[in-house]
Amino acid sequence: MDADMSDQLDLTQASPARIYNDFLGGKSAFEIDRQAAQAVVRTAPDARRVAIENFLFAGRTGRWAAERLRALDPHHPAQLLDIGCGIVDDLPPDMPRVEDQVHAVDADAVVVGVDNDPVVLAHARGLRQPGYGGVLPGDATDLDAIFNSPALRDVVDVERPMAVILAAVLHFVAEPDRVINDLRNWLAPGSILAISHATTTKTAAARVNSMTRAYENATDRIFFRPEEEIRSLVDGWSLIEPPGLVDVADWGRPAGHDGHRGEKVRVVGLVAELPSSTPALFASS
Ligand SMILES: C[S@@+](CC[C@H](N)C(=O)[O-])C[C@H]1O[C@@H](n2cnc3c(N)ncnc32)[C@H](O)[C@@H]1O
């Protein structure tokens with residue numbers, strides 16, 4: 001991060017990006033973020049392990065999507081938009097980032113991160129390198145600004161299919177269905193969407209309530225949602241099944257793997273594809 005960045009930061013509020021960075025073993029959290037992270041862990045002792053599983057889910061889905069896009073269009077590198085990409089430059093070496101996973105299968109793929117947290121953007125300045133699109137400022141609730149941005153259009157052809165990753169982001173958004181509807185209008189058929197989201201389903205209500213309280217004074221509130229509501233975000237898309245909507249630890253992993261499923265707090269994930277034509281809602285008479 002820039003040396004002078006701390007002068008511009010409001011350190012009276014924890015930020016989800018820095019709390020999550022602390023969970024992943026990064027070094028970007030401030031005292032207020034560490035306190036918020038500890039409050040979450042007191043409520044949900046396995047929160048750090050679930051965060052790591054979520055991070056690995058994002059990478060696996062990115063890799064899967066890059067392979068799929070490249071197979072469908074061998075002449076063009078895959079393009080991926082990682083919205084709410086988080087702080088990724090200071091993680092332990094055994095934590096493969098989305099772009100690492102993607103470039104393992106498509107060295108020419110373009111991966112563009114987007115985030116609305118100034119600390120994420122400050123950290124990302126050093127990450128511009130060939131084949132990597134960098135990180136742009138943007139908010140998931142204003143996709144028009146993201147998709148119209150000349151900086152994005154410099155590196156991504158928005159007319160071609162792409163993958164969009166929204167890992168652990170939509171639970172910080174009050175109206176996620178609006179985000180997905182807007183996204184659908186922007187994406188070319190054949191595009192791929194990966195979502196992960198904290199769920200009330202099989203998470204004890206007392207835990208949901210105390211985790212929700214732990215984020216109340218942060219820059220973004222957290223909204224746990226039932227699995228049906230998360231699955232319904234991709235109504236009209238082709239849900240990739242198996243595995244469908246599952247614990248993030250289980251997506252893209254063989255049965256019997258040793259990943260950690262949330263015991264105290266669950267985060268679930270899915271991948272869906274935008275079909276080439278949208279089925280009519282009502283059959284014509
Ligand atoms: C829990 S972190 C997840 C990081 C990364 N996607 C992952 O799964 O490893 C959530 C990230 O989403 C960002 N975020 C939250 N709300 C956002 C919004 N409305 N638009 C863009 N980014 C957002 C936060 O700043 C943070 O970096």
Side-chain angles (χ1 to χ4, degrees), residues 1 9-10 13-26 28-30 33 36-37 40 44 47-63 65 80-92 95-102 111-124 127 135-147 149 152 163-180 182-183 193-198 211 214-215 218-224 248-249 251 262 265 267-271:
M1 184 169 59
L9 287 175
D10 173 6
Q13 280 187 302
S15 99
R18 298 190 311 251
I19 295 171
Y20 185 71
N21 178 265
D22 185 65
F23 285 158
L24 297 184
S28 305
F30 295 101
D33 308 306
V40 172
R48 286 181 198 280
R49 294 175 71 191
V50 174
I52 290 171
E53 288 295 352
N54 175 74
F55 177 83
L56 297 173
F57 161 88
R60 284 197 305 279
T61 59
R63 184 184 180 119
L80 290 89
L81 200 52
D82 183 8
I83 303 181
C85 57
I87 302 164
V88 293
D89 65 325
D90 66 349
L91 300 181
M95 297 280 280
R97 302 167 303 173
V98 169
E99 58 268 34
D100 300 327
Q101 292 270 40
V102 166
V111 184
V112 179
V114 175
D115 209 287
N116 67 356
D117 186 316
V119 176
V120 174
L121 301 164
H123 270 269
L127 292 179
V135 178
L136 306 175
D139 197 296
T141 60
D142 186 2
L143 291 173
D144 288 357
I146 295 174
F147 278 84
S149 139
L152 179 74
V164 174
I165 300 177
L166 279 161
V169 179
L170 292 178
H171 50 226
F172 296 114
V173 172
E175 296 179 291
D177 46 340
R178 291 184 65 159
V179 175
I180 302 302
D182 289 352
L183 196 54
L193 172 63
I195 294 174
S196 64
H197 198 299
M211 262 190 87
Y215 278 91
T219 51
D220 290 296
R221 295 182 54 202
I222 191 164
F223 302 90
F224 282 70
V248 282
W251 200 97
V265 55
V267 175
V268 289
L270 60 78
V271 174

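In listed order, ligands and their atoms are each counted from 1.
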Heavy atom of the protein closest to [atom] (residue, atom name, distance):
| atom | answer |
| --- | --- |
| atom 9 (O) of ligand 1 | Y20 OH, 2.7 Å |
| atom 20 (N) of ligand 1 | A140 N, 2.8 Å |
| atom 19 (N) of ligand 1 | D139 OD1, 2.9 Å |

Ignoring angles and geometry beyond distance, decide whether [X] reaches within less than 3.5 Å of ligand 1 through its nitrogen or oxygen atoms.
| X | answer |
| --- | --- |
| D82 | no |
| D117 | no |
| D220 | no |
| P16 | no |
| A168 | no |

Options [options], ranked by nearest heavy atom to [atom], top entry:
| atom | options | result |
| --- | --- | --- |
| atom 8 (O) of ligand 1 | V88, N54, V120, V169 | N54 |
| atom 5 (C) of ligand 1 | A58, A51, G84 | G84 |
| atom 23 (C) of ligand 1 | N116, I83, N21 | N116 |
| atom 13 (C) of ligand 1 | D115, I52, T61 | D115 |

Tell me, do [X] and [Y] make a side-chain contact under 4.5 Å, heavy atoms counted?
| X | Y | answer |
| --- | --- | --- |
| R49 | I52 | no |
| I83 | L143 | yes |
| L152 | V112 | yes |
| V50 | F23 | no |
| I19 | Y215 | yes |
| D182 | D144 | no |
| V88 | M95 | no |

Practice task
Please name all residues satisfying salt bridge (Lys or Arg N to Asp or Glu O under 4.0 Å) with D22, sequence neighbours left out, ordered by chain then number.
Solution key: R48

Handout entry: Min heavy-atom dist S196 to ligand 1 below 4.0 Å
Key = no

Completion exercise
Heavy-atom closest pair (C85 atom, V135 atom, distance to 0.1 Å) is SG-CG1, 3.8 Å

Practice task
Please answer whether the main-chain N or O of A145 pairs with a side-chain N or O of S149 as donor and acceptor at a distance below 3.5 Å.
Solution key: no

Which atoms of ligand 1 sit under 4.0 Å from any heavy atom of [X]?
| X | result |
| --- | --- |
| F55 | 9 (O) |
| C85 | 4 (C), 5 (C) |
| G86 | 27 (O) |

Exercise for the section: Tell me, please, which residues at least two apart from D33 pass side-chain hydrogen bond (donor to acceptor under 3.5 Å, both in side chains). Expected result: R18

Exercise for the section: Under 4.0 Å, heavy atoms only, figure out whether ligand 1 is touched by the backbone of S15, its side chain, both or neither. Expected result: neither

